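This report refers to the structure that appears directly beneath it.
Small disclaimer: the values here were computed from a predicted structure and weren't measured. Throughout, residue positions are numbered sequentially from 1 according to the sequence presented.
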Amino acid sequence: MNDTEQQEHKFILRGLKDKDYADIKRIMDRVYKGMGGAWKPEEFGALIKQFPEGQICIEDNGNVVGAALAILVNAEAFENRRHTYEDVVKGGEMSAHEPEGDALYGVDIFVDPDYRGLRLGRRLYDARKELCETLNLKSIIFGGRIPGYGKHSNDMTPAAYIQKVKDNEIYDPVLSFQLLNDFHIKKIMKNYIPEDAQSDSYGVLMEWNNIYYEKKQKLFGGRKSYPRIGVVQWQMRPFDKVEDFLHQAEFFVDAVAGYNSDIVLFPELVNAPLLKNFNQENPAEAMRSLSEYTEEIRMAFVNMAITYNINIVTGSMPELRDDSLYNVAFVCRRDGTWDAQYKLHITPDESQYWGLKGGDQLKIFDTDLGKIGVLICYDVEFPELSRNLADKGMTLLLVPFLTDTKNAYLRVRRCAQARAIENECYVAISGSVGNLPKVENMDIQYSQSAVFTPSDFAFPHDAIAAEATPNTEMTLMVDLDLDLLKELRQQGSVRNLQSRRNELYEVVWKMTEE
């Protein structure tokens, strides 16, 4: 893991400004070394002046680390005639920009080499797509480089090379990435960038079609009305090393992110399989030893959230703080920030065997899919907590749990279903299955993970969006319609939040809130 991956990130997607030129120059000089380096300040300024909405960047802790530049054009004019990169930028004047154009033309996209591997390029492509939808443009087009072709130009034509890239017989660092991002090839362009020796001066006109053309869409970076949630039903299996545990966790993050999910939920005490490596004669001592891994695991999950562009609720794990042992779940956002929710209510068994103590703060988490809450297992059985979160605008409640028997599981499930109805929100629960032989107080598990909805005509008849097969390792992927919650709260058959008798009763939080 390099220094960039170890540091704390805070990624922000925003529009470029004139003051960002120093950062842009630094990156372009590195990325285009040997091809002329960075643009001049006046060329950069011309883009921002003519089409500010099309100049997008990602900043990390105040520094720009990647950018996507674009202009508007009439798609037909560029698709039906041969053109070069110079025809697009017009000597840096960007006079090819058509304010009333019907397509976004990608002028450039680049990422600081120190940030490669975090999939920031994919975020910039996604931002362009959102902008295209928002402005009701028919497509995104651009001339893509094929920098791998120079090595094959003596033994195959550009068309043959491109076909091999499409067939995954050859990997091209630019074209392969663009094909994976749903762009398709329109035509080959000779002498697109004459000085591009790596591509033998060839370019490929690429296109992405906006299927929502003529429909009004939101700007990039806005909150989604239809987020997709992934729920992991986790198999308890012994791990000898924390690296083995993280590999298994990353497998599920990768799998769920591959289906374009916006958030993934893991179960309570997700790292419990590592308990096998500690003293089983003293469960409390073993749990304290397990807490030594928590910071490393939390940092790894933050990196996964960035790399796979997905929000992660890590499930929970033990944390030793001021000589007291707590059960904490981390919310790792895909912008690189993170926060924590401590389990507030401790069961008699958890107190007796492990010496766990309850936290004293209940948090609402702002994310790019709205406000979410996290209640760890037993906490969902106390309705005051979710009502407090609902009053703060929660639309999605996430419940990592760990239960050994079916009756224990049913307590969590029935209460989670009640929370969805009474607070008019979605509730997802994630548990563990299987067993951990020779691990004291963790020997068997019972789970059926699920996503619950309110109960009204617009939702499934049984108020269950999806549920896993009991006691089987698997994942759920569910699309949530947040607009339905708005309609329910204003026009539902019954309106639990609206109908409360606040003159008779209320939930009061006594602790000082952060």
For Thr84, side chain to side chain donor-acceptor pair (under 3.5 Å) partners two or more places apart: Asp87

Aromatic ring pairing Phe183/Trp208, orientation class (parallel under 30°, perpendicular over 60°, tilted between): tilted

Does the side chain of Gln50 come under 3.5 Å of the side chain of His97 through a donor N or O and an acceptor N or O? no

By side chain to side chain donor-acceptor pair (under 3.5 Å), which residues pair with Thr337, not counting sequence neighbours? Arg333, Asp335

Asp29: what forms a side chain to side chain donor-acceptor pair (under 3.5 Å) with it, not counting sequence neighbours? Lys25

Taking the six-membered ring for Trp and the single ring otherwise, decide whether the centroids of Phe401 and Trp234 are under 6.0 Å apart. no

My understanding is that only residues two or more places apart in sequence, or in another chain, count here; which of them pass side-chain contact (heavy atoms from CB on, under 4.5 Å) with Glu195? Ile193

Quick one: salt bridge (Lys or Arg N to Asp or Glu O under 4.0 Å) partners of Glu100, sequence neighbours excluded? none

Residues which pass ring pair (Phe, Tyr, Trp, His ring centres under 6.0 Å) with Tyr308, listed by chain and number, not counting sequence neighbours: none

Less than 4.0 Å between a side-chain N and a carboxylate O, is that true for Asp262 and Arg334? yes

Show me the donor-acceptor pairs within less than 3.5 Å that the side chains of residues 475-488 make with the rest of the protein, sequence neighbours left out.
residue, atom, partner, partner atom, Å
Asp479, OD1, Arg228, NE, 2.6
Asp479, OD1, Arg228, NH2, 3.3
Asp479, OD2, Arg228, NH2, 3.1
Asp481, OD1, Asp483, N, 3.0
Asp481, OD1, Leu484, N, 3.3

Looking at residues at least two apart in the chain, or sitting in another chain, which of them share a side chain to side chain donor-acceptor pair (under 3.5 Å) with Asp240? Lys276

Side-chain H-bond candidate by donor/acceptor type, Tyr213 with Asn136, under 3.5 Å: no

State which residues pass ring pair (Phe, Tyr, Trp, His ring centres under 6.0 Å) with Tyr105; sequence neighbours excluded, sorted by chain then number. Phe78, His83

List in chain and number order the residues that pass ring pair (Phe, Tyr, Trp, His ring centres under 6.0 Å) with Tyr149, two or more places apart in sequence or in another chain; answer none if no residue qualifies. Tyr161, Tyr202

Glu43: partners by side-chain contact (heavy atoms from CB on, under 4.5 Å), with sequence neighbours left out: Trp39, Lys40

For Phe177, what residues pass the ring pair (Phe, Tyr, Trp, His ring centres under 6.0 Å) criterion, not counting sequence neighbours? Tyr125

